[in-house]
Protein chains: 2
Amino acid sequence: MRIGELAARAGTTTRTLRYYETRGLLPARRDGNGHRTYDESDLRLLRQIRTLQDFGFDLEETRPFVECLRAGHPEGDSCPASLVVYRRKLAELDALIGQLTAVRETVAGQLSRAERARDGLAADALVPGGPEPACELGRLTR
Amino acid sequence: MRIGELAARAGTTTRTLRYYETRGLLPARRDGNGHRTYDESDLRLLRQIRTLQDFGFDLEETRPFVECLRAGHPEGDSCPASLVVYRRKLAELDALIGQLTAVRETVAGQLSRAERARDGLAADALVPGGPEPACELGRLTR
DNA sequence: TCTTGCCTTGACGCCCACGTCAACCCCTAC
DNA sequence: GTAGGGGTTGACGTGGGCGTCAAGGCAAGA
């Protein structure tokens with residue numbers, strides 16, 4: 001199978017496959033015309049890469065999985081090096097989720113505080129001669 | 001105060017301040033030598049920007065807060081446009097945290113599955129003449 | 001006077017996973 | 001012959017927020 005067909009079957013692009021080849025991740029055989037040639041096992045490798053990419057793995061992090069499959073193992077994660085990546089990724093995810101959750105709570109707190117302040121100021125604004133909110137209409141419509 | 005002092009007091013760099021100026025976010029007055037000049041209110045604006053940046057806001061998303069402060073409001077989030085950004089960011093954070101959590105669970109599941117499979121294969125390997133794990137030592141040390 | 005230290009603008013580098021040309025080749029069908 | 005639909009390499013663009021020179025100016029202190 002040639003590069004266009006493999007790309008289509010994996011739901012990606014020829015550019016991506018050529019990029020993977022420059023990275024040494026998915027080298028291709030060549031036919032008489034110099035065209036890249038792939039087989040079903042390459043599709044398997046490619047799907048492994050794409051799945052991990054979808055999970056947010058860096059390209060380099062998919063390498064142990066690909067090497068593992070290429071070595072004849074039934075799954076990309078049958079090798080210890082892949083498990084190391086799994087564990088490192090889990091730790092990264094936990095750290096990230098923790099940070100994002102903390103930020104989320106902070107922002108939520110700021111929002112409700114600002115909303116309360118606004119409601120207070122809105123009550124003030126109802127008083128004749130009170131302060132008027134002049135920022136958005138004057139500043140944001142330039 | 002000049003650019004170096006402002007940068008130091010805000011814990012950032014002169015390059016960053018010049019960048020903000022090109023973005024129209026933090027314009028500076030100029031003295032006789034053409035040097036940028038800032039005052040305390042600029043430090044206030046800069047701290048607002050940096051705080052939001054630390055929360056993961058894009059530079060453009062900090063603009064309403066800065067405009068709000070510059071319009072004379074007590075807080076950067078005293079204006080409706082800022083609240084809109086808060087709410088949008090909250091929604092983004094929730095979506096992202098949800099995705100990451102789902103990925104985390106998937107990866108954790110894959111890891112424990114792979115570990116169970118490995119333990120099973122390890123038992124096989126204890127049998128004389130059993131299959132040997134040949135991938136990492138052969139592939140990863142090139 | 002010379003060094004030191006701060007400032008200026010301009011421009012390229014970085015990261016990562018590709019997208020998007022450009023210019024060309026090869027085979028097939030009409 | 002020629003149009004179309006594959007393929008090839010090479011090179012530059014993208015985005016975001018700066019880092020890092022390069023080449024020069026201006027003022028104060030030893």
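First the proteins, then the strands, lettered A, B, ... as listed; each starts at 1.
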| request: Begin from the C-alpha positions of A:Glu21 and A:Arg30 and carry the test salt bridge (charged side-chain N to carboxylate O under 4.0 Å, His left out) through to its verdict. | output: CA-CA 12 Å; A:Glu21 184 167 355; A:Arg30 301 298 179 117; 3.4 Å; yes
| request: Let me see the working for A:Glu75 and B:Arg113 under salt bridge (charged side-chain N to carboxylate O under 4.0 Å, His left out), right down to the final yes or no. | output: CA-CA 11 Å; A:Glu75 305 288 339; B:Arg113 185 198 47 69; 5.2 Å; no
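Of the residues A:Arg29, A:Arg2, A:Arg9, the one that meets the salt bridge (Lys or Arg N to Asp or Glu O under 4.0 Å) test with A:Asp42 is A:Arg29. With respect to A:Thr12, the side-chain contact (heavy atoms from CB on, under 4.5 Å) criterion is satisfied by exactly one of A:Leu17, A:Ile49, A:Leu6: A:Leu17.
A:Asn33 places no side-chain N or O within 3.5 Å of a backbone atom of A:His35 that could act as its donor or acceptor partner. Not a single donor-acceptor pair under 3.5 Å links the side chain of B:Thr14 to the backbone N or O of B:Ile3.
B:Leu46 and B:Leu59 fall within a single hydrophobic cluster, where Ile, Leu, Val, Met, Phe, Trp and Tyr side chains are chained together by heavy-atom contacts under 4.5 Å. A:Leu96 and A:Leu52 fall within a single hydrophobic cluster, where Ile, Leu, Val, Met, Phe, Trp and Tyr side chains are chained together by heavy-atom contacts under 4.5 Å.
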| What one-letter contact string describes nucleotides 14-20 of chain D from 5' to 3', where B marks a base within less than 4.0 Å of any protein heavy atom, S marks contact via sugar-phosphate atoms alone, and - marks no contact? | ---BBBB
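Rounded to whole Å, the distance from CG on A:Leu6 to C1' on D:dG6 is 15 Å. Going from atom CD of A:Glu21 over to atom P of C:dA17 covers 17 Å, rounded to whole Å.
Sorted by first and then second residue, the pairs that involve residues 43-52 of chain A and meet side chain to side chain donor-acceptor pair (under 3.5 Å), not counting sequence neighbours, are A:Tyr20-A:Arg50.
Of the residues in residues 84-93 of chain A, none has a non-hydrogen atom less than 4.0 angstrom from any atom of DNA chain D.
The distance from the CD atom of B:Glu5 to the OG1 atom of B:Thr37 is 11.0 Å, given to the nearest 0.5 Å. To the nearest 0.5 Å, atoms OH (A:Tyr86) and CD (B:Gln110) are separated by 4.0 Å.
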Using residues 98-106 of chain B as the side-chain source, report each donor-acceptor pair under 3.5 Å to any protein atom, sequence neighbours left out, with the distance given to one decimal.
unit_1	atom_1	unit_2	atom_2	d
B:Thr101	OG1	B:Ile97	O	2.6
B:Arg104	NH1	A:Asp94	OD1	2.6
B:Arg104	NH1	A:Asp94	OD2	2.8
B:Thr106	OG1	B:Ala102	O	3.0

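Contact of the B:Glu92 side chain with the B:Glu61 side chain is registered, since non-hydrogen atoms from C-beta on lie closer than 4.5 Å.
Axis deviation across the helix from C:dT1-D:dA30 to C:dC30-D:dG1 amounts to 40°, comparing end segments of five pairs, rounded to 10 degrees.
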Do any N or O atoms of the protein come closer than 3.5 Å to N or O atoms of nucleotides 5-9 of chain C, and which pairs are they?
unit_1	atom_1	unit_2	atom_2	d
C:dC7	OP1	B:Gly4	N	2.7
C:dT8	OP1	B:Arg36	N	2.8
C:dT8	OP1	B:Arg36	NH1	2.9
C:dT8	OP2	B:Arg18	NH1	2.4
C:dT8	OP2	B:Arg36	NH1	3.4
C:dT8	O5'	B:Arg36	NH1	3.4
C:dT9	OP1	B:Arg30	NH1	3.3
C:dT9	OP1	B:Arg30	NH2	3.3
C:dT9	OP2	B:Arg36	NH1	2.9
C:dT9	OP2	B:Arg36	NH2	2.7

